[in-house]
Amino acid sequence: MQDFFRLTRKTFSAEFRSDPQIPDNMWIKCPACSEIVYVRELEDNHKVCPKCGYHHRISSQEWLFLFDPASFEEHDSDLLPNDPLNFVSLDVSYGEKLKQTQEKLGMNEAVLSGVGTIEGLPLALAICDFGFMGASMGSVYGEKMARAAERAAEHGMPLLTINRSGGARMQEGLISLMQMAKISVALTRLAAVHQPHISLLIDPCYGGVTASYASVADVIIAEPGASIGFAGKRVIEQTIREKLPPEFQTAEFMLEHGMIDMVIPRGELRGTLSRMLRLYAPSRVA
Amino acid sequence: MNLTGHETYSRELTAWDRVLRARHPERPRTLDYARAIMDDFVELHGDRRFGDDPALIAGIAAFEGQTVAIVGHQKGRDTRENVRRNFGMPHPEGYRKAQRIFQHAAKFGFPLICFIDTPGANPNKDSEERGQANAIAENILIMADLPVPIIAVVIGEGGSGGALAIGVADRLLMLENSIYSVASPEAAASILWRDASKASEAARAMRITAPELHQMGIVDGIISEPDEGAHTDNIATLAHVRVALRAALNELRGLSTAALLQQRYAKYRAIGSYQEAAVHQLEPVAAHQNGHAANTNA
C-alpha cells in the first residue's frame, strides 16, 4: 500500500503503440474500437483514431506538431544521467539500463525541452517521453524541467509542460524525490514574472509528477481518456480490496472532481493553446 | 530490547536495522515533541474545506521564548490509535490543514517546524477524488517560497511525497535512526524486482539512512539518538531534538527574508546528479560532472 511512485507496465494497461515499422499503405485495427483504420489516416490525425477518437501514445518528437513548423529549438540536449547511488540492483544495473535505453531510443533522457512558437507566440516547453524508463523523474528530468521554467521566467514567456510519467526514478533514490522540490522552486521564478505555466496531462500521469509541478499549473489541460492519478490503480485496489470503476482516474474523472480545467482532444490542442497564449499576453494581440 | 534479532548493538547498523528502528512503536511521535519540548502548545484543527485529519497534527507553540508554527505526521502507539491516525498517512485534508498552518506562519511571521513520520500519503479512492496529488503539490510549491524559516525533522519514517509535502525546508534534519526514501523499501522491491520480500536489499540500494543522505548533501544535519535507539530513551531523544532545533533556529534567525529564500532556492536547485557534455555521448564523463548534491560514481 505504500508504493505511490510506482513504475510498472502492469499499472498502465493501455500500452497501444502503432508500430513505426508498418508502411504507410497498411491498415491497422484500432485497439480501442477494433475498427480497421488506414495508417496514413491515423498519422494525419495525430494518431487519434478517426473512428472512435482513441488517443494513441505519441513520442516527444511527435508532439512538436503543436508548434509552428521549424520554430522548435532544443535546449539542454546534452544533459546525461548518472548513477549517483551506485545503485545495487538485483538484475540489470542502472547504468546498463540507461545505456540500453539511450541506444534503443536514440535519446539521452526522458524529457525533450526547448523553446518554440504557436501562431508566432513564443513559449518555453518541456515534453516527457514515456518510452524512456516510463518517463520516471530522475535528476536530468528535474534539471530540464527546472531550466525550462527558469528560461521562461528569464525571457518573460509562458511555459508549457507536456506531462506523462510513472513517477519517481527509484534508482536515484531520494535525489529523485527532491526533483519535485527543485522544479517547484524554479516555478516560483516564473510566478514572480507573472507568466503562466500550462500543464498538459497525457496518458499516463502518476506519482511524483502529478504530486508536484504538473498539478499546480495555472491552467491544467488533459487529453481525453488519459489515466491521471497519485497512486496507481493496482495499489489502490490492493489497499481497499475492491475493483475500481473503469472511469476512475481518467481525465474526465479529474475534470468532474475539479482537479483540471479542461479535456481537449489532440486535434484541438494547438487552437486552444494559441487562444490561451493570446489571452495571457494581451499586449501581443494584433 | 534487541529489535533486529541478529546482532548486538553497535554503530554498524544495516539499512534494514534502521528501518526497523525508524518504525518502532515506542519512538517519540510528533505530539510528544509538541508537548514535551515546547513550552506551550495549542493544537489547531481542520482544513476549513472538508474535515480534520488525525494523521497530521498542526498548531502553534512557544519554543524558547518565541512562537512557532508546528506541523507533523502522527502515528499511533497501538492498533486502536493507529487506526484512528490512519498509521500516520494523511488524506488530502491533512495536507490542506498543513497548508493552512504554512500560510498562518507566513501571516504572523512564525518560524515553521515540521516533524516527518509517515509511511506515505494515504493511497485510496477518497484521497484520489479529493485531490491527493494536488494537495501535496500545492504544499511543496507554497513551501518553496514561504517567507519564514522552515525546519523539518525526520523523526521516524520519511515516506515519499507524503513526507516531502511538509518537508521543503531551510534545514532538513534527521534523527540518527530515521529513514527517508522515495518509496518504502517494500514498494521499491516490488516495483524494481517484483518481489516485496527483497525489501532489505532495496533499503540498502536506495541509501535511505541518515548518514548516507547527510553524506549526499540532501540532509543538513543528524540528531544523535541514545545508543540503543530513540525508543529506549524518549526523554534523551526529546532533549537532543530540542537542542538541534534551537541551534537551527538561531542559525536562520539572523537572515533577511530575501537571503533566506535565496538560500532555499539555491539549496533545492542544486540537488541532482548529471553530466553536461558538449556532444551526445553515452558513457559517463567524470570531467564534466555537474551534479552537486550526490556522491557520483563516474
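- For the pair A:K182 (side chain) and B:I271 (backbone), a donor-acceptor distance under 3.5 Å is present.
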Derivation and outcome, salt bridge (charged side-chain N to carboxylate O under 4.0 Å, His left out), residues B:E276 and A:R147: CA-CA 13 Å; B:E276 198 157 11; A:R147 287 191 190 185; 2.8 Å; yes
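- Counting heavy-atom pairs closer than 4.5 Å to chain A, the top residue among B:D195, B:N134, B:L261 is B:N134.
- Between chain B and the options A:E256, A:Q249, A:M254, the largest number of non-hydrogen pairs under 4.5 Å is found for A:Q249.
- If you measure heavy-atom distances from A:E109 to chain B, you find no contacts under 4.5 Å at all.
- Using a 4.0 Å cut-off between charged nitrogen and carboxylate oxygen, A:E143 and B:R269 count as a salt-bridge pair.
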From CA spacing to verdict: side-chain contact (heavy atoms from CB on, under 4.5 Å), A:L79, B:Q275: CA-CA 6 Å; A:L79 293 190; B:Q275 303 150 56; over 6 Å; no
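- B:I191 has its side chain within reach of A:M170: a pair of non-hydrogen atoms, C-beta onward, lies under 4.5 Å apart.
- Within the 4.5 angstrom heavy-atom criterion, only side-chain atoms of A:E150, from C-beta onward, approach chain B.
- At a 4.5 Å heavy-atom cutoff, the contact between B:R130 and chain A is made by backbone atoms alone.
- Interface residues of residues 135-145 of chain B toward chain A, defined by a heavy-atom distance below 4.5 Å and sorted by number: B:I136, B:A137, B:E138, B:I140, B:L141, B:A144, B:D145.
- Residue contact with chain B, scored on non-hydrogen atoms closer than 4.5 Å, involves the side chain of A:Q179 exclusively.
- Contacts between A:L244 and chain B at a heavy-atom distance below 4.5 Å involve the side chain alone, from C-beta outward.
- Remark: A:I175 CD1 to B:M206 CE distance equals 13.0 Å, nearest 0.5 Å.
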side-chain contact (heavy atoms from CB on, under 4.5 Å) evaluation trace for A:L80 with B:Y274: CA-CA 6 Å; A:L80 300 170; B:Y274 55 87; over 6 Å; no
Salt bridge (charged side-chain N to carboxylate O under 4.0 Å, His left out) assessment of B:R207 paired with A:E172: CA-CA 9 Å; B:R207 308 204 187 275; A:E172 294 192 21; over 6 Å; no
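- At least one donor-acceptor pair under 3.5 Å links the side chain of A:S139 to the backbone N or O of B:S273.
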Check against side-chain contact (heavy atoms from CB on, under 4.5 Å), A:S89 and B:W193: CA-CA 9 Å; A:S89 182; B:W193 308 311; 3.3 Å; yes
Derivation and outcome, side-chain contact (heavy atoms from CB on, under 4.5 Å), residues B:K267 and A:V185: CA-CA 10 Å; B:K267 174 184 165 166; A:V185 298; over 6 Å; no
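- Comparing A:D76, A:V140, A:T210, A:L98 by how many heavy-atom pairs each has under 4.5 Å with chain B, the most go to A:T210.
- B:K198 touches chain A through its side chain: at least one heavy atom from C-beta onward sits under 4.5 Å away, while N, CA, C and O do not.
- Residues A:A181 and B:V168 approach most closely at CB-CG2, 4.2 Å, considering heavy atoms.
- Residues B:V182 and A:A168 approach most closely at CG2-CB, 3.3 Å, considering heavy atoms.
- B:L192 is listed as a side-chain neighbour of A:Q171, based on a closest heavy-atom distance under 4.5 Å.
- Side-chain atoms of B:E128 come within 3.5 Å of backbone N or O of A:F230 as a donor-acceptor pair.
- Both the backbone and the side chain of A:L174 come within contact range of chain B, each with at least one heavy atom under 4.5 Å from a heavy atom of that chain.
- Annotation: side chain of A:L177 is in contact with side chain of B:S160 (closest heavy-atom distance under 4.5 Å).
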